[in-house]
Amino acid sequence: MFNCPQFAKMNFPISTLLLSCYFCLFSCSYAFNITQMLSNYKDFSTFNDYLTRTTVADQINKRESLTIFVVDNGAMGSVTKKSLDMVSKILSLHVALEYFDTKKLQQLPTNEPTLMTTLLQANGQATGQQGFLKATIGGNSSGGGGVSISSASSSDQSASVVQSVTSQPYNISVIQISNAIVPNIISPPTAAPTKMPSSPSESPTDSPGSPKGLLDSPNAAPGTGTADGSTAASPDVDLFK
């Protein structure tokens, strides 16, 4: 009976189905949904909401191994004032493309900071070192064992590790930090200044032989020009303003 060709034909699709189910279960064991994970923690509802609105959550869910540095609702004020595009960049910086739990962070080398590549860097949206974070042992965090997380491009942009929120070893780890990290220095191309035309009715005292004012100088931008036509150096601009 078991050697019957008809039985063998029936057995083949069954084994294929079982094999398919096995691979499906194997794949699903590595899947996660960051918004569902954070939905259980109301203190991070604002952070979670912006993950969805910026579609950063979709990018996170496609990854296999990463760490999310989240901030609670009270620390999101400086982030929510930005445009949605800027919020997307900020949140992408808070996603390290490697699994770190608090124990692993505490075991990092103490002689120098550990560099972390983030989703911001992977997306090609960063300039210079803005797409990297640094983990340093010896911060002010008690819950994180004295670990601080900072921007690799701006030393004044740092936060302390507070606690582990949730994780799925060794795929995704969610760690609370004290505040959002926002790189603040970048030098974009300077736009050409717009010359402000003068009107005889607005400037009745001007004469053909009189020297040009600051705003009439072709080489001066408003607020930066000088009487001799030179210009002052433009300051660095905040990337997330």
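Any value given below was found using the heavy atoms of this structure, including those in side chains, with hydrogens, waters and symmetry copies removed.
- Under the rule for a side-chain contact (heavy atoms from CB on, under 4.5 Å), the partners of K103 that lie at least two apart in sequence or sit in another chain are D101, Q107.
- A salt bridge links E98 to K104: at least one charged side-chain nitrogen sits closer than 4.0 Å to a carboxylate oxygen.
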TODO: Take S148 and S150, measure what side chain to side chain donor-acceptor pair (under 3.5 Å) needs, and give me the verdict at the end.
DONE: CA-CA 7 Å; S148 64; S150 62; 5.6 Å; no
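- Scanning for salt bridge (charged side-chain N to carboxylate O under 4.0 Å, His left out) contacts around D49 gives R53, with sequence neighbours left out.
- Applying the side-chain contact (heavy atoms from CB on, under 4.5 Å) rule to N111 yields the partners P109; only residues at least two apart in sequence or on another chain are considered.
- In this view, A96 and T67, F69, M116 satisfy the side-chain contact (heavy atoms from CB on, under 4.5 Å) rule, not counting sequence neighbours.
- In terms of modelled atom types and a separation under 3.5 Å, the side chain of S178 and the main chain of S160 share a donor-acceptor contact.
- Within the 4.5 Å cutoff, no side-chain heavy atoms of H94 are placed close to those of L119.
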Please list every donor-acceptor pair under 3.5 Å in which a side-chain atom of residues 41-48 meets a protein atom from a residue at least two apart or in another chain.
from: Y41; atom 1: OH; to: V165; atom 2: O; distance (Å): 3.4
from: S45; atom 1: OG; to: K42; atom 2: O; distance (Å): 3.2
from: S45; atom 1: OG; to: N73; atom 2: ND2; distance (Å): 3.2
from: T46; atom 1: OG1; to: N73; atom 2: OD1; distance (Å): 3.2
from: N48; atom 1: ND2; to: T35; atom 2: O; distance (Å): 3.1

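- You'll find the side chain of I175 stays beyond 4.5 Å of the side chain of V70, heavy atoms only.
- Taking the side chain to side chain donor-acceptor pair (under 3.5 Å) definition, one finds that Q129 meets it with nothing, sequence neighbours left out.
- If you take CE on M76 and CG on N179, they are separated by 12.0 Å, rounding to the nearest 0.5 Å.
- I181 contributes atom CD1, which lies 6.5 Å from atom CG of L93 (distance to the nearest 0.5 angstrom).
- The shortest distance between side-chain heavy atoms of Q163 and T102 does not fall below 4.5 Å.
- In this structure, the side-chain contact (heavy atoms from CB on, under 4.5 Å) partners of T54, at least two apart in sequence or on a different chain, are V56, L84, V87, S88, L91.
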TODO: Evaluate the salt bridge (Lys or Arg N to Asp or Glu O under 4.0 Å) criterion for residues K89 and D85: first the C-alpha distance (whole Å), next the side-chain angles of each, then the deciding distance (0.1 Å), finally the verdict.
DONE: CA-CA 7 Å; K89 290 181 173 66; D85 179 63; 2.8 Å; yes
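- A 4.5 Å side-chain heavy-atom check between I60 and L51 finds at least one atom pair inside the cut-off.
- T118 places a side-chain N or O within 3.5 Å of a backbone atom of L120 that can act as its donor or acceptor partner.
- Residue pairs that meet the ring pair (Phe, Tyr, Trp, His ring centres under 6.0 Å) test with at least one member in residues 97-122, sequence neighbours left out, are Y99-Y170.
- Follow the hydrophobic side-chain contacts under 4.5 Å out from L108 and you reach V147 in the same cluster.
- In terms of the side chain to side chain donor-acceptor pair (under 3.5 Å) criterion, K81 has no residue partners (sequence neighbours excluded).
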TODO: Give the intermediate values and the outcome of side-chain contact (heavy atoms from CB on, under 4.5 Å) for residues I34 and V174.
DONE: CA-CA 9 Å; I34 183 59; V174 181; 3.9 Å; yes
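- Of the options T166, V95, I68, a side-chain contact (heavy atoms from CB on, under 4.5 Å) to I172 is made by I68 and by none of the others.
- In this structure, the side chain to side chain donor-acceptor pair (under 3.5 Å) partners of Q59, at least two apart in sequence or on a different chain, are N123.
- The NZ atom of K134 sits 11.0 Å away from the OG1 atom of T114 when rounded to the nearest 0.5 Å.
- At distances below 3.5 Å, not a single donor-acceptor pair connects side-chain atoms of N171 with backbone N or O atoms of F32.
- The ring pair (Phe, Tyr, Trp, His ring centres under 6.0 Å) test applied to F132 returns no partner, not counting sequence neighbours.
- Taking 4.5 Å as the limit, every side-chain heavy atom of Q130 sits out of range of all side-chain heavy atoms of Q121.
- With a 4.5 Å cut-off on side-chain heavy atoms, Y50 and T80 count as touching.
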